[in-house]
A.B. asks: 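Have a look at the structure that comes next, please.
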Amino acid sequence: MPSNKIGGDSAETPLLGNRGGSTSLITPADRTDQFTGLPPSEAAILREQVQTFEVKTSFFSAYRYATTKDRFLVILAVVLALVEGSIKAIMPIMFGVFAENFTTFIRSRDFYGYYDGYSNFLQYNDTFYNTTTYNTTDYDAKLYFESPYYESTYNYTMVPEYVSPEEFQRQASYDAIYYIYFALAEFVTSTLFTFLFIDRGEILAARIRQNYLASILKQNVAYFDNLGTGEITTRISSDTMMIQDGISEKLGYLISFSSTFVCSFIVGYSLSPRLAGLLSCVAVVIVAAFFFVSGRMTSLYRKALDGSSAGGSVIEEVLSSIRNVQAFGIQDRLSSRYDYYLGISQKFALRAGFYAGAITGIAWLGLYLDDAMAFWQGPMFLIRGELSILALVTILASMIQGLFAITSITPHVRAVSAAASAVNKIYTTIDRASAIDPSTSDGRTLPEVEGHIELQDVKFIYPSRPDVIVMQDFHLQIKSGTTVALVGASGSGKSTIVGLIERFYKPVRGKVLFDGVDVEQLNVKWLRQQIALVSQEPILFAGTVYENVAYGLIGTPFEHASDIEKRALVEEACKQANAMVFIETLPKGLETHVGERGFLLSGGQKQRVAIARAVVSNPKILLLDEATSALDTKSEGIVQDALDKASKNRTTIVIAHRLSTVKDADMIVVMKRGVILEKGTHEELIAMRGEYYELVRAQNVEHEIEKQLDHPQVIDGVEVDSVEDILDEKAAIDAYERERQLEVEGGSSSDDDNETSKLLLSRTKTARSVSSVIASNFVEPQERSYSFFEIGRFLFELSLPEKRLNLFALMFTIIMAAGYPYLSTVYSNSVDALGELPDESRMNSRLLQYNITYLIMGAIELICPIMAVGLFSYSGQRLVRRIRMRTLRQIIRQDISFFDRTENTAGALTSAISKDSAAIEGLSGATLGQIISSFIMIFGGIGVALGVALQLAAVTSPCVPLLLGAGFYRFYLLAKHQERVKLGYSRSSSYACEAASSIKTVASLTREEDVIATYASALDHLYHVGRRQNGKSAALYGTAQSLVYLIQCLMFWYGSTLVRTQGYSVFMFFVAVISIVNGSQNGSIVFSYALDMARAYEAAGNIRRLYEKEPLIDSWSAEGIVPQNVEGNIDFKNVHFRYPTRLQVPVLRGLNLSIKKGQYVALVGASGCGKSTTIGLIERFYNPLSGQVLLDGEDITSLNINAYRSHIALVQQEPTLYSGSVRENVKYGSLDLDISDEKMIEACKQANIHDFIMSLPDGYDTLCGSKGSLFSGGQKQRIAIARALIRDPKVLLLDEATSALDNESERIVQGALDNAAKGRTTIAIAHRLSTIQNADIIYVFENGRILESGSHQELLANKMKYYELVQLQALEKN
């Protein structure tokens, strides 16, 4: 048989190969190998449900969702960007015009100045040539007359044209005005194209996000078995942000620079096709190399993206199970798994960084080769009279402008390349054809629904585990209007039946019939709207109680009814579900928010809201999948009564481990390993004395429930002890109301009064509890903001480990950037050398020297960018990897209360790690190199200009800070905008992650369209909030760009004055112009990265705030006493506690209890009485507000937290496994990283999971899937128990450790737990009282205090609360 791996993938992710060192991607063809051993028809059905084919996309695929208006505006933006780029290309012509005017005037000035003016020259000329003393044998005259410039008669060929200073100044001023016109044109075009690209980019990216989420929500459930929600979060936040970057302003910059490049060559060809053709040879080589290198760069960035996205699933797994992570101290081990993927990402990104540097280096090489080529061939054209100096200078300036545009294009090409890669990843999901698509209108709908269900000869295999046959030739008929119960061991196929009826999966053979019609012929959405599902772990969505119940109306005629009608239906459904009892006590009733996933409600409350949601639409079929298994006895009684009501007059299928809940079913079906063992009514099956009878005996429910409550209260027809019993402290309601009532009445316990007086609060008019006094003094810390200097210093300190790399990179950057100011002197000297004509030998001698310099500089400028950008990329990747790792470690180091906050959901934190580190990464490598290079060019150019032409540079260089100021103000605005947008994107990403992680609930409610509409509304709000800010940002960019032309205007105007009055030379003027003008142009490019800088500033602030956040309970701290010879005595002394996120709600109110070493202690009570809180305080997830928790007489707050927790093991109600093998998951419990397999196997045998594991094809190397999705609840729980036992703890905490197990497994596991408890202190929370009958002490909780305690027999004899609970569960009397 093929190995039992999820699609042949690694333990961590479906994206990458195994951890043996390979980083190659697994193609769909490779993943299909796991199905090759099956019959072709079955393999095809399974492949269809999990296979994802790579789609062919291009960058233009990002515009798939563009409307006609969008296309028009994008095309307009492209045209404006092309125009803006062409304006830059015209500048060399203006430069040539000024150069011609200046050269002509300076030659005129120098020549006629020798004669003290034009009139003196004429007088001297007449005198000199008309005297008889003129001797043609004079050596100088002879040279002239014999030269090719002498045309047999004297002429003025060698005499320069006279240009008066006034005429020169007038012409210079006239030409300078053109720069003002160009500045206006530049402002308009750059502002408009920048705004349009940003604006449309946000809109199109939002549509891609919506369609991605829509595609995710329409996928069949099997698709999610291999896909972590963290990966979805990463894609919808980080990857779509990459697409937005690539289609926003950076695309505009790319088009603008490309336009400059092309237009510059057009200018060159128009002046001299032959010389331009020679220089184009260099350009062709450069462009060819550019596309080759950028192609490689794109490919490498795509692979880097795969690694970081796969790591996102690891983060989400860790953060969604943070209590388990901290309890077992496995932060570093799980972080190292994330680091593995970061290593893969870093490896490819590093190589891509060197390719990015190569693009810049090749462009610089081309620039110097062009200069060398022009000054090698250009003089030949001059000597032959085919070219003027003016044309040569203009062509050279155009080539410099064009190739300079290419050097500036590199980071924008990277952004566009990354967008193309991200488009492919996103569209691979968007274009995936779902095997079971609820969004399509295909399929039949039935006019009348009776509710008859039949499974005919069904064979079923989960696509994620094709080696295990779950059902074989399964046949079951369920008549309309009957209640059918499915019972059996974990893994027997009960939940699979629900999945088949809901069409979450496809059977590989056989049919599922709905009123006689194959469900595959029915419309999926319509089918699911006829069915209501209540699962074992009810999923509520962030919102109000009313909204959650109203979701059940989707697809009914009441979906769009008036609010009054819907509210009436919701209230009636809540009454049917016995939920109005607690809803009416909520501060805002139905309008009370339930928190993300309903975490503000207890399990019983969530379950009743879920039942109300299920029955509000009056469905024909009701599916109850372990709807009461996780509830305490009191809550179960209420919920079961609600379920009994809900089951009337409809087909109901119940899956239950607690057989007392299914006694009244019309038919009970007993299953084992996908086969029906027996079926019948409760009485018939008991009479058969078969499998069901044994299950009943194991659970002790032979007797009917006896109603022996002495003084019951009747609320809505349900007998309960008191309203408070059925409420939960997590709902933050009941206790708050009682506390308020106590304050109104002036009453309080004596203990509270005494402690209040001790706290010197006797002057308070009403008595208040200790916890309320402390809570009232709690002040929420304000979020700190940082200055630019502080952020810069922070990033500098973060990058200190790479200081050598950064110094080397900086050195290469300085050499690269300094080349440009130096080029201005070489270039000016080259132009000056052309003035040596007609002395060809002197001209060629000087130009040869400069051409050699060009070649040497070309080689240097090829190597330096490769090394600079490559080293900055390497340094940046190491920094980002360290930031991501440290951020994750810092997050999982935080107190549990940090994760209780609504803004710190797993999805939001996963998104933040991905987004913030990506923002820092966006400022490293090629971008950082370009920014540093630009500043060096600006100030280096100013320095050279001041050294050569002091007056001109002194007047014009102060204008450059104006340009920098405009850019920095833009950066400031963007940074503030990022702060506002951050919260919105975090909430929307969290919302999308919540929907994706609850896909079964979303699918069963057919909430897909509603989720998408809500998400779209959130994105639309963000767009409208940011639009005005984007307009300001674009205007500032346009201002910075237009200032370049205004600086040039000033320079040429004032320069002409200095040439006229101060005798400036061509060399002096050219050096100043090239250094300052081109330096300022280069400086303006810095601010095309303003958005990157703003995002990096915001991200660095987020990261610093997190790094400075010190947890109260710090797992990094070495402080505290290391407990020695731990025995396991636990004591609570007058402990008061409130959750930090809900300080108004008292939870524990002076709790006192004592647990001796080796005792087996059980904590029982109604939901919300403080049992799980007690476990949390023992684990020291929180500190009590007052009082003490002692271990062997030592206050646990004085103990070293890691040493303390090493003696404790926790098994939670909802078992947590991690993607990886069973072996890895079990060994996570051990403190010894090298623990032997023998000890692991022993722990698994104790937990009754060894035999099952060995029955799997890969044994202990079997993959668990994301969050253990490939195992049933009972199997996951037993692996979790094995993980706890391998730790050999002194204190074992069991929080509903057997609640998810079937009777057979529970009996065996409970026996294993009883054995494991020997020799150690064991504290168990249990709702099934049969599991704790043998406990040494049972503590009964009520309202945060101990109501009674004793052994099982003693408490029964008391006939108080515990006796009541026992009667409700109908245990056999002892």
Side-chain angles (χ1 to χ4, degrees), residues 451-455 471 474-502 531-536 607 611 614-615 619-631 636-637 639-702 704-705 1272-1274 1299-1306 1328 1369-1370:
H452 184 84
I453 294 174
E454 185 177 0
L455 282 76
M471 287 182 174
F474 187 88
H475 189 92
L476 176 64
Q477 190 171 23
I478 301 170
K479 294 180 180 179
S480 172
T482 60
T483 297
V484 174
L486 307 177
V487 300
S490 294
S492 61
K494 305 184 300 297
S495 294
T496 300
I497 293 175
V498 170
L500 289 173
I501 295 171
E502 280 273 12
I531 302 170
L533 170 65
V534 181
S535 58
Q536 178 179 356
Q607 198 68 281
I611 293 168
V615 302
K620 288 294 184 180
I621 297 174
L622 182 63
L623 305 178
L624 307 174
D625 188 356
E626 299 286 356
T628 63
S629 67
L631 302 181
E636 181 184 15
V639 172
Q640 189 58 49
D641 183 76
L643 293 176
D644 292 342
K645 288 182 181 179
S647 300
K648 293 176 181 177
N649 303 318
R650 56 173 58 93
T651 305
T652 306
I653 300 174
V654 182
I655 296 174
H657 285 147
R658 302 191 194 179
L659 304 184
S660 60
T661 64
V662 296
K663 287 178 61 183
D664 297 327
D666 298 307
M667 180 170 67
I668 299 172
V669 178
V670 183
M671 298 174 60
K672 188 172 186 179
R673 296 180 183 176
V675 176
I676 295 176
L677 297 180
E678 53 192 18
K679 57 185 177 181
T681 64
H682 173 73
E683 291 75 13
E684 290 170 350
L685 294 176
I686 290 293
M688 291 169 63
R689 301 261 170 160
E691 187 77 15
Y692 181 76
Y693 177 77
E694 293 300 323
L695 292 174
V696 169
R697 283 180 56 83
Q699 215 173 71
N700 296 323
V701 290
E702 292 97 328
E704 294 184 0
I705 296 177
S1272 70
S1299 67
L1301 303 183
D1302 57 87
N1303 297 323
E1304 181 183 350
S1305 297
E1306 180 183 11
R1328 302 191 197 178
Q1369 279 197 8

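Heads up: numbering here begins at 1 and tracks the sequence.
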A.B. asks: Identify which one of Leu476, Ile453, Leu624, Asp625 satisfies the side chain to side chain contact (heavy atoms under 4.5 Å, CB included) criterion when paired with Ile653.
C.D. replies: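 So the option named by the test is Ile453.
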A.B. asks: Just by modelled atom types, is the Glu678 backbone N or O under 3.5 Å from a matching donor or acceptor in the Glu691 side chain?
C.D. replies: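 No, Glu691 side chain to Glu678 backbone: no donor-acceptor pair under 3.5 Å.
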A.B. asks: Check the pair Lys479 / Asp666 against side chain to side chain contact (heavy atoms under 4.5 Å, CB included), numbers first and verdict last.
C.D. replies: CA-CA 10 Å; Lys479 294 180 180 179; Asp666 298 307; over 6 Å; no
A.B. asks: With Leu685, which of Ile668, Val487, Val669 fulfils side chain to side chain contact (heavy atoms under 4.5 Å, CB included)?
C.D. replies: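 Exactly one pass, corresponding to Ile668.
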A.B. asks: Looking only at non-hydrogen atoms, find the nearest pair between Ala614 and Ala532 and report the distance.
C.D. replies: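 Heavy atoms only, the tightest pair is O-CB, 3.3 Å.
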A.B. asks: Just jot down the side chain to side chain donor-acceptor pair (under 3.5 Å) partners of Glu454, sequence neighbours excluded, or say none.
C.D. replies: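 Expected list: Gln456, His475.
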A.B. asks: For Tyr692, check ring pair (Phe, Tyr, Trp, His ring centres under 6.0 Å) against everything at least two apart and list the hits.
C.D. replies: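 Checked Tyr692 against ring pair (Phe, Tyr, Trp, His ring centres under 6.0 Å); matches are His682.
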A.B. asks: Give the minimum heavy-atom separation between Ser480 and Thr651, together with the two atoms involved.
C.D. replies: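 Closest pair (atom of Ser480, atom of Thr651, distance): CA-OG1, 3.4 Å.
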A.B. asks: Give, for atom CG of Leu455 and atom CD of Gln477, the distance between the pair rounded to the nearest 0.5 Å.
C.D. replies: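 Here the rounded value is 10.5 Å.
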A.B. asks: Which residue, Ile621, Thr482, Leu622, forms the side chain to side chain contact (heavy atoms under 4.5 Å, CB included) with Arg650?
C.D. replies: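 By the side chain to side chain contact (heavy atoms under 4.5 Å, CB included) criterion, Arg650 pairs with just one of Ile621, Thr482, Leu622: Leu622.
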A.B. asks: Could you work out, with side-chain contact (heavy atoms from CB on, under 4.5 Å) as the rule, every residue matching Ser535, not counting sequence neighbours?
C.D. replies: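 Per chain and number, Ser535 pairs via side-chain contact (heavy atoms from CB on, under 4.5 Å) with no residue.
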A.B. asks: Who passes side-chain contact (heavy atoms from CB on, under 4.5 Å) against Asp664, sequence neighbours left out?
C.D. replies: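 By the side-chain contact (heavy atoms from CB on, under 4.5 Å) rule, Asp664 matches no residue at all.
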A.B. asks: Return the CD1 to CD1 distance between Ile497 and Ile655, rounded to the nearest 0.5 Å.
C.D. replies: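 It comes to 7.0 Å.
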A.B. asks: Quick one: does any side-chain atom of Lys494 pair with a main-chain N or O of Met671 as donor and acceptor, under 3.5 Å?
C.D. replies: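 Here the side-chain-to-backbone pair does not exist.
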A.B. asks: For Thr496, what residues pass the side-chain contact (heavy atoms from CB on, under 4.5 Å) criterion, not counting sequence neighbours?
C.D. replies: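 Per chain and number, Thr496 pairs via side-chain contact (heavy atoms from CB on, under 4.5 Å) with Phe460, Tyr462, Val470, Met471, Leu500.
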